[in-house]
Structure formats: structure tokens, C-alpha cells
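Shown next, in C-alpha cells, is the structure this report addresses.
Reminder, nothing fancy here: chain letters follow the sequence lines and each chain counts from 1. Nothing here was measured: the structure is a model prediction, and the numbers come from that model.
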2 protein chains.
Amino acid sequence: MKDIKGKLTILFRQGYCTPQIARIAKKIKEASTTIHYNIKKMEKDQIIKTYKAVFDYKKIDLGYCAYVLCQISPDEYSNPENIANDLIKHENIESIDICTGDWELILKVRAKDQDEYYLFVKKVISRRGIIKIQTVSSLKQLKTEFIPL
Amino acid sequence: MKDIKGKLTILFRQGYCTPQIARIAKKIKEASTTIHYNIKKMEKDQIIKTYKAVFDYKKIDLGYCAYVLCQISPDEYSNPENIANDLIKHENIESIDICTGDWELILKVRAKDQDEYYLFVKKVISRRGIIKIQTVSSLKQLKTEFIPL
DNA sequence: CCACTTATTAGAATAATCTTCAATTAATCA
DNA sequence: TGATTAATTGAAGATTATTCTAATAAGTGG
């Protein structure tokens, strides 16, 4: 077995998709070259970042989902992005935001289960600069990435 | 002016994209028919929900982003999904989760600016069943939908 | 108002891609 | 083992994206 599906999920998580120009042209009744021109412009202007797949994450071993609210050390206030940039490449992390209020950093994290999430916290989150975290576990996901589940 | 870009953003928010089979086939060195077969299977099994675009949301009038932490009324504990299902179709809402802990409902919301967000809160969030909300505004988004920005 | 530049829209032709089909190989399980 | 299902593959056909050229519309500055 070649585990092609596993490879596909990795690729589709971030890209390897493309717009359906002909289908859109029919839908909004414009010439396909017009659609093409507009899309290429949006890509060039970096309005569109990428095209990607959205999964039923339960079915690709990412069934556990949690929001991680973090407080960062006052030492790091001058540049919270230092911490964020260390996290950004981590493939379990769906989103990273620097925020107002009690929690300066909010992560959305996906893992296979709570055990794998615990490993993630120990390995990734427990680092200099983060002084307190609160995990809010998702019991049921109804919508993600603008897609109802 | 036909505002084709506007129509495209609406379509691309949820779909109208498709996998790049030939490109993937080259990348992982398999026959394109094999890739095709596996993708169709993943779609049929609902492992893949859709293919969509990810935007630089600042550039499509959705620059404001906030997490909305909600407490729901004890009356609604028996079925928190009632509330969630009312919200699910709202296009400003990126994600909806029913969660553990102090906040039973977490929304991720996008709007043009704080003014538009305020209108959203008044119109959508202020409803029977939600007894307290706390907005955590994003000051800087570093990653969203698994895509570094 | 005019000349000039830039953005947008289109048709036709080409290049590339997806999709179907039939056949082969691999995996599963009684 | 043998029967059944699932996965992989190459060749052919159907569909689609892309390029090229040109026309039109919108915006800019004199």
C-alpha cells in the first residue's frame, strides 16, 4: 500500500487545488476568459492566497480540536510575534492570532485525540514566554473554514 | 462595472475549486489515474468536504477578525446546537464550536471593521439563549485555515 | 475636451488537463 | 486456497485552462 490518501491530505491542507473557471463562467454567465483574467489578477495582487481542501477532520486523524488561550510574559510584549513565528509552521495549528484583552495569543489546534494534544502542549506550547494557557476543547464542530460540517 | 471579483470571492469562499491532479501526480510520482481514483474515493467517503480559496481577508473587506466567547442560558444546555444552527449560515462566521468550560460556544467572526462587527453582534449574537459574550479581537492574524499569512 | 494610460471584456486557437474505460495487480476474508 | 473486493495503471476521448490578439471601457493629467 502506498498511502496515497495520506499524501493527498498533506498536499491538500495547504494547496494543490485550482479554480473551476468553466463552471464559474456558467454560474455567473460571463466569458471564461473574463473569469480567467479576474482570477489571475486576484492571485497576482495576493488577494487569493491559495486554493485548498477542507476535510472532515474526524476522518483524517484530526478529530480533536481546541482553542488555546495564552498569556505571554511581559518580557515579550514588545514583540509577541516572536512567539507566534515559532509556532506558525506547526501543522497541528490551524490558526494563530495576536489578540486584545486577557489572552494575547489564541491558537486553534487540531490533533488526533486528547493524548496527542497533550504531547503537543508539552512539546510546543510549554516554552519560554508563555506564562499561562487555558485550553477550551471543542465538543462539537459545526462550522470550520466557512464550511458547515 | 460588473464586480466580477466580488462574485468570485463569494463562490470561492465555499467551493468552486478542484484538485490539480496532474501536478500532484508529478509531485508524488504516481499515475494521474491513481490520484484521480483516490481523490474521487475521498470525495465519495466525505473525507474531503470541498475545495475552496483562502484570501488575504484585509483585501476583501473582511479585515476585522474576532473570537466571540459565549455563555448560553441553562435553559439551552439540553441542546446548544439549537443556537449554533441558527448561526451556521451566517457568512461572517468562519467557525462555530460547542465547547467545554466557561464558554459553551466559540465563534470566529470576520467583518469589514469594528463598526460592521458591532452591527453583527447586535443583529446576530444578541438573541435569546446567549446570556454573556466576550469579544477577543485579533490584532494580527499570522495563520488562518492552516495557511500562514 | 483631448490624448494617453490602464483595466476589462471577448473570440478563436492551442496546450494542457481531467475523466472514462478496460485490464492488471494487490489486498481481504471466509 | 479461492472468491471477492479494492487499488493501480495506460490509452483514448472529452473537457478545460491558457495564450494570443484585439476591442471596448474607465481613469488620469494636460
Using a 3.5 Å distance criterion without hydrogens, assess whether the side chain of [X] forms a donor-acceptor pair with backbone atoms of [Y].
X	Y	value
E30(B)	A25(B)	no
D113(B)	D115(B)	yes
K143(A)	H90(B)	yes

*So, is Y37(B) near the phosphate of dA7(D), with a side-chain N or O under 4.0 Å from OP1 or OP2?*
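Affirmative; the distance criterion is met.
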Readout for nucleotides 14-20 of chain C: B = base within 4.0 Å of protein heavy atom, S = sugar-phosphate only, - = neither; 5' to 3' it is ---SSSB
Give the rounded distance in Å between these two atoms: [atom1] of [X] and [atom2] of [N].
X	N	atom1	atom2	answer
N38(A)	dT18(D)	CG	P	14 Å
L8(A)	dT8(D)	CG	P	10 Å
I39(B)	dT8(D)	CD1	P	12 Å
I35(B)	dT9(D)	CD1	P	9 Å
E30(A)	dG11(C)	CD	P	11 Å
I24(A)	dT16(D)	CD1	P	12 Å

Self-check item: Axial bend angle, the helix from dT19(C)-dA12(D) to dA30(C)-dT1(D): five-pair end segments, nearest 10°
Solution: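 For the helix from dT19(C)-dA12(D) to dA30(C)-dT1(D), the axes at either end differ by 10°.
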**Contact list for DNA chain D against residues 44-54 of chain B - heavy-atom distance below 4.0 Å** =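 Contacting residues: none.
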### Query
So, T144(A) versus R110(A): side-chain donor-acceptor pair below 3.5 Å or not?
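Judged by distance alone, the side chains do pair up.
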